[in-house]
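Here's the structure we're looking at; comments come further down.
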Amino acid sequence: MQILLIKSQKPVNHIKPSWDLRAVCISADPLFTDINNCLQRMKQEYQDLILQASSAESLQIGAKIQTLWSGYGQIVRVHLQGCDRPSVVVKHVMFPQESKHHPGGWNTDISHQRKVRSYQVETHWYQNYSTNEHCRIPECLAAQSYGDEQLIVLEDLDAAGFPERRSSLRDAEIKACLRWLANFHGLFLDVSPQGLWPVGTYWHLETRPDELEAMGDQKLKAAAGEIDAVLNRCRFKTILHGDAKLANFCFSKDGTHVAAVDFQYVGGGCGMKDVIYFLGSCMDERACEKKVPSYLDFYFSELRSAVSERVNFTELDEEWRGLFAFAWTDFHRFLLGWMPGHHKVNKYSKRLAQDVLRKLSQTSDRGK
């Protein structure tokens, strides 16, 4: 397939001449449909924003990287000419006029408003927060709202040395992700999540009333509020990635360094929430039973280095380790309401949930 791009004759608003998005399909490549739709929907003002942000002379729309959850837009790679970047990645959010199909069947106004807020939070994150080389994220070149559409122009992490994606991980790669999380949590320890979610993660109880109502496990349902309160009362808080699954990490070719993407649910809270979600995304229940303790030790050793002498690390370590099972059970609670047949609803998760319910019961008994 070949795409023919025709250069504009006149600059728009003193921006360098760009390319009209007119495409010619030379071969019957099925990918063309996706690209052509993208070309038709990426308006001239969006192109101008990309060109201005990158200082490129021209651009060419590449392949779609992925469709956003529930069809709320797409992520595409845009190739550049006449600048020092070979490409950028554009997250094009398009809020639907009608309810879109949700993989779990959760097409509600609450769900829609949560997604709208999540993209606003992500835009604010990229515009107002930065990290360092120890917890690498893509540089944000531009972010702009256009009514019901938003455009975020990001550094292409493939070109920046993180071209690999993984569906399964070796030990060193798991540790690379845990090292990223430890450095991220250390960097933002005691930082207020201004403009972000007050409580990070996409499964936070307050934002999931429908899933709570759908739960069949009545004991855990009744304890959901107290589990949430225990996590929220933690003394040591940081900023959470909020969706730290394997799919949101980009790897160097040798797998020893990672960068992270997708900050829609970034917000405040206990670092264990990110850790449990990551470990659950890359290990089955047998691996969790066997390996979680050593991976927690590794995470905390990296966190110790990241926070240096700024805090009493012994107290931080003790508090967050004590909240590991609560954080895991909090996500387990969400799954039981959202998709009770999910493969992560397993014996390991159920055992931790029973441990948490037992601890809450003992605490309640002591208070009588």
Side-chain angles (χ1 to χ4, degrees), residues 66 69-70 102-106 111 114-115 118 165-171 173-175 177-178 180-181 199-224 227-228 230-231 240-249 260-262 264-265 269-296 298-299 320-321 323-359:
Q66 70 178 72
W69 188 258
S70 296
H102 188 287
W106 299 95
S111 174
R114 184 176 59 249
K115 292 183 182 70
S118 77
R165 307 297 180 268
R166 298 283 192 267
S167 57
S168 61
L169 297 181
R170 299 170 298 171
D171 178 73
E173 293 164 337
I174 290 177
K175 288 180 176 178
C177 295
L178 290 173
W180 188 98
L181 287 173
V199 180
T201 74
Y202 71 82
W203 60 91
H204 176 224
L205 181 64
E206 186 178 343
T207 67
R208 295 289 184 166
D210 296 333
E211 291 81 358
L212 179 66
E213 181 60 30
M215 283 183 67
D217 186 330
Q218 295 304 309
K219 289 184 177 180
L220 186 54
K221 181 177 181 179
I227 293 169
D228 180 60
V230 168
L231 290 166
L240 308 174
H241 178 285
D243 192 6
K245 61 189 175 186
L246 171 57
N248 284 334
F249 285 97
V261 296
D262 195 350
Q264 290 173 230
Y265 293 94
C270 170
M272 285 294 95
K273 291 185 178 183
D274 275 343
V275 173
I276 67 96
Y277 187 59
F278 168 70
L279 291 175
S281 76
C282 62
M283 294 195 298
D284 61 22
E285 58 184 313
R286 289 185 179 180
C288 286
E289 289 282 5
K290 182 179 179 181
K291 298 180 179 180
V292 159
S294 64
Y295 284 137
L296 279 180
F298 177 81
Y299 166 82
W320 280 13
R321 283 183 189 268
L323 292 175
F324 172 82
F326 283 85
W328 195 291
T329 301
D330 186 53
F331 180 66
H332 180 65
R333 174 269 310 162
F334 162 71
L335 282 183
L336 288 178
W338 182 69
M339 191 177 292
H342 197 283
H343 68 90
K344 292 182 184 178
V345 179
N346 54 42
K347 292 180 180 178
Y348 181 78
S349 297
K350 292 176 182 177
R351 179 176 66 77
L352 289 182
Q354 289 304 311
D355 290 345
V356 166
L357 291 176
R358 191 177 304 111
K359 289 178 182 177

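A salt bridge is defined here as a Lys NZ or Arg NE, NH1 or NH2 lying under 4.0 Å from an Asp or Glu carboxylate O, and Asp355 with Lys359 fails to meet this definition.
Using a 4.5 Å heavy-atom threshold, the side chains of Tyr265 and Leu240 count as separate. For the pair Ile227 and Leu220, the minimum side-chain heavy-atom distance is below 4.5 Å. Residues Cys282 and Ile174 meet the side-chain proximity criterion, which asks for heavy atoms closer than 4.5 Å. For the pair Thr201 and Tyr277, the minimum side-chain heavy-atom distance is 4.5 Å or more. Contact check for Trp180 versus Phe278: no side-chain heavy atoms found under the 4.5 Å cut-off. A heavy-atom distance below 4.5 Å is not found between the side chains of Leu352 and His332. Using a 4.5 Å cut-off on side-chain heavy atoms (C-beta onward), Val292 and Met283 make contact.
In this structure, Arg114 contributes its side chain and Thr207 its backbone to a donor-acceptor pair below 3.5 Å. The backbone N or O of Lys344 sits less than 3.5 Å from a side-chain atom of Ser349, completing a donor-acceptor pair. At least one donor-acceptor pair under 3.5 Å links the side chain of Asn248 to the backbone N or O of Asp243. With His241 contributing its side chain and Val261 its backbone, the two residues share a donor-acceptor pair below 3.5 Å.
Closest heavy-atom contact between Phe249 and Arg165: O-CD, 4.1 Å. Taking all atoms of both residues into account, the shortest heavy-atom contact from Ile276 to Ala327 is CD1-O, 3.6 Å. Here the closest heavy-atom approach between residue Leu212 and residue Ala224 is recorded as CD1-CB, 3.8 Å. When all heavy atoms of Ser168 and Leu246 are compared, the pair lying nearest together is N-CD2, 4.1 Å. For Ala353 against Thr329, the heavy-atom pair with the smallest separation is CA-OG1, 3.4 Å. Here the closest non-hydrogen pair linking Gly200 and His204 is O-CB, 4.2 Å.
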Trp203 and Leu335: side chain to side chain contact (heavy atoms under 4.5 Å, CB included), yes or no, with the steps?
CA-CA 9 Å; Trp203 60 91; Leu335 282 183; over 6 Å; no

One pair to check against side chain to side chain contact (heavy atoms under 4.5 Å, CB included): Leu336 and Glu211. What are the steps and the verdict?
CA-CA 8 Å; Leu336 288 178; Glu211 291 81 358; over 6 Å; no

As a quick check of understanding, evaluate side chain to side chain contact (heavy atoms under 4.5 Å, CB included) for Lys115 and Trp69, giving each step before the final call.
CA-CA 9 Å; Lys115 292 183 182 70; Trp69 188 258; 3.7 Å; yes

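The aromatic rings of Phe334 and Trp338 sit parallel to each other, their planes meeting at less than 30°, with 60° as the upper class boundary.
Atom CD of Glu213 has 12 or fewer heavy atoms from other residues, nucleotides or ligands within 6.0 Å. Applying the 6.0 Å contact sphere to CD of Glu206 captures no more than 12 heavy atoms from other residues, nucleotides or ligands.
Legend: salt bridge (Lys or Arg N to Asp or Glu O under 4.0 Å) pairs involving residues 270-286, not counting sequence neighbours: none detected.
Note that OH of Tyr299 is 10.5 Å distant from CZ of Arg321, once rounded to the nearest 0.5 Å. Rounding to the nearest 0.5 Å gives a distance of 13.5 Å between CG of Asp330 and CE of Met272.
Listed by chain and residue number, Trp328 satisfy the ring pair (Phe, Tyr, Trp, His ring centres under 6.0 Å) test with Phe324 (two or more places apart in sequence, or in another chain).
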